[in-house]
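Some notes on the structure that comes next.
Below, read A as the first sequence line, B as the second, and so on, with proteins coming before strands; counting in each chain starts at 1. Hydrogens, waters and symmetry mates play no part in the numbers below; they use all other heavy atoms, side chains included.
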Protein chains: 2
Amino acid sequence: MEKDTEQQILEAARKIFQKQGFAGARMQEIADAAGINKSMLHYYFRSKDKLFQKIFQEGVSRFFPLIMRVLNADKTLEEKITVLVQEYLDFLRVNRQLPHFVIHEMNQHPKRFREFMDEKDMEIPSSFVEQVLEAVHKGRIQPVTPAQLLVNIISLCVFPFLAQNMVMAVMQMDEEQFDEFIEHRHKELPTFILNAIRTS
Amino acid sequence: MEKDTEQQILEAARKIFQKQGFAGARMQEIADAAGINKSMLHYYFRSKDKLFQKIFQEGVSRFFPLIMRVLNADKTLEEKITVLVQEYLDFLRVNRQLPHFVIHEMNQHPKRFREFMDEKDMEIPSSFVEQVLEAVHKGRIQPVTPAQLLVNIISLCVFPFLAQNMVMAVMQMDEEQFDEFIEHRHKELPTFILNAIRTS
DNA sequence: GTCTATATAACGATAGAC
DNA sequence: GTCTATCGTTATATAGAC
């Protein structure tokens, strides 16, 4: 065996669940992808549901830390926006299926998701909130709530990956051109956002 | 019978497929939702796959016309942006499940989707493209490609609905507060975007 | 721990009576 | 057109040998 069997299974489950979702995934496919017998899945994780929970919670957990870290960092508001966009786009570039997986399954099991999130009580880092409120108060940026600004930033980063096939179809792109499209956002998106909120 | 049986089925299929996706939907559920026998589904549509195609193509077809109509209208660039945001948010407000459904199934069947889109050869309306290029050339707006600008607009409109449960969890909102959150975007998003591209 | 074989239930789809 | 009954297949899950 190259690796621990449990790890082999988790890797395979990640791959299949992320691509096909819970309802579309077959235990047999996961077993094949892991190169092991189907029975082993149940031996290690008891049920499809339990195996899925592991993968889903792991996925959700990977979605937010980068955002929280940057918004908590010792930076100016403008620096945080710039760094967040750049680092998050880099993250999404190597985790292209993650947003779609998390959003799809979150919408299939909203309650379960809400409970999981409430346990981990994620909140918008207060230092970011205060920076926005202060900048607005001093008239340095347009009046915007921290929540709206953050949702705008994440929307602009994540949506193009969710809608990749749509963008490629409408804009008549191939995969290479789409990568260039994202590369371009890497450079221009921070400016776009900073312009949107500047008052001067 | 209140309505035509075929229509009853299509309504039920719309509801179930949009909520649970192709893989998660059960023919029995659709039959129950339509208040008819399971056999009738096959009598009218032959197979689950054929029934799904109808619903999916109908869904895709509803996603774009509003965008195209506004971008083609006899308006200035600034008016188009403002009207597009407002009308599209209104459309999404009463079609909340549509973006998630279309994006999910598009990602499950990229080829089938691409072929369908290529048939209908949707393109960005040339009048919008020319307006952006000219405004950039004259220095009236920041240098931005029509494609990037359009993706930014659609991202800012659609993503919050896709991520509704995520936003509600992180921001500790209930449904009512989320509706207010969207209502707020209705007012502020056009300004946000116009600010982002203005040069003056 | 890992395999084969199988239990059990659900699914899509069809046949045939009315 | 609409129903009941059922076919054939596939899914998750388990039992039991090794």
Would you kindly give the [atom1]-to-[atom2] distance between [X] and [N], to the nearest whole Å?
| X | N | atom1 | atom2 | answer |
| --- | --- | --- | --- | --- |
| B:Leu41 | C:dG12 | CG | P | 9 Å |
| A:Asp32 | D:dT12 | CG | P | 12 Å |
| A:Phe17 | D:dT12 | CZ | C1' | 12 Å |
| B:Gln28 | C:dA9 | CD | C1' | 14 Å |
| A:Phe22 | D:dA11 | CZ | C1' | 11 Å |
| B:Ile36 | D:dC3 | CD1 | P | 7 Å |
| B:Phe45 | C:dG12 | CZ | P | 16 Å |
| B:Asn37 | D:dC3 | CG | C1' | 6 Å |

Can you identify which nucleotide, out of [options], has its nearest atom closest to the [X] side chain?
| X | options | answer |
| --- | --- | --- |
| A:Tyr43 | D:dT12, C:dG12, C:dT2 | C:dT2 |
| A:Met40 | D:dT2, C:dA13, C:dT2 | C:dT2 |
| A:Arg46 | D:dT4, D:dA13, D:dT14 | D:dT14 |

- Would you tell me if any nitrogen or oxygen in the side chain of B:Tyr44 comes within less than 4.0 Å of OP1 or OP2 on D:dT2? yes

- Do any side-chain nitrogens or oxygens of A:His42 fall under 4.0 Å of OP1 or OP2 in D:dA13? yes

- When all nucleic acid strands are considered with a 4.0 Å heavy-atom cut-off, which category describes B:Ala23: base, sugar-phosphate, or nothing? nothing

- Item | Electrostatic pair B:Glu87:B:Lys80 at N-O distance under 4.0 angstrom | no

- Item | B:Glu58/B:Arg14 ion pair, N-O < 4.0 Å | yes

Less than 3.5 Å apart, which donor and acceptor atoms pair up between the side chains of residues 176-183 of chain A and the rest of the protein, not counting sequence neighbours?
{"unit_1": "A:Gln177", "atom_1": "OE1", "unit_2": "A:Asp174", "atom_2": "N", "d": "2.9"}
{"unit_1": "A:Asp179", "atom_1": "OD1", "unit_2": "A:Arg96", "atom_2": "NH1", "d": "3.4"}
{"unit_1": "A:Asp179", "atom_1": "OD1", "unit_2": "A:Arg96", "atom_2": "NH2", "d": "2.9"}
{"unit_1": "A:Glu183", "atom_1": "OE1", "unit_2": "A:Arg93", "atom_2": "NH1", "d": "2.8"}

- Query: Has the side chain of B:Ser39 got a donor or acceptor atom sitting under 3.5 Å from an opposite partner on the base of C:dT14?
  - Reply: yes

- Message: I want to check something: taking the side chain as every heavy atom from C-beta on, are B:His42 and B:Leu51 in contact at a cut-off of under 4.5 Å?
- Response: no

- Take A:Phe17 and A:Phe56 through the ring-ring contact (aromatic ring centres under 6.0 Å, His included) test and state the conclusion after the steps. CA-CA 9 Å; A:Phe17 278 136; A:Phe56 179 56; over 10 Å; no

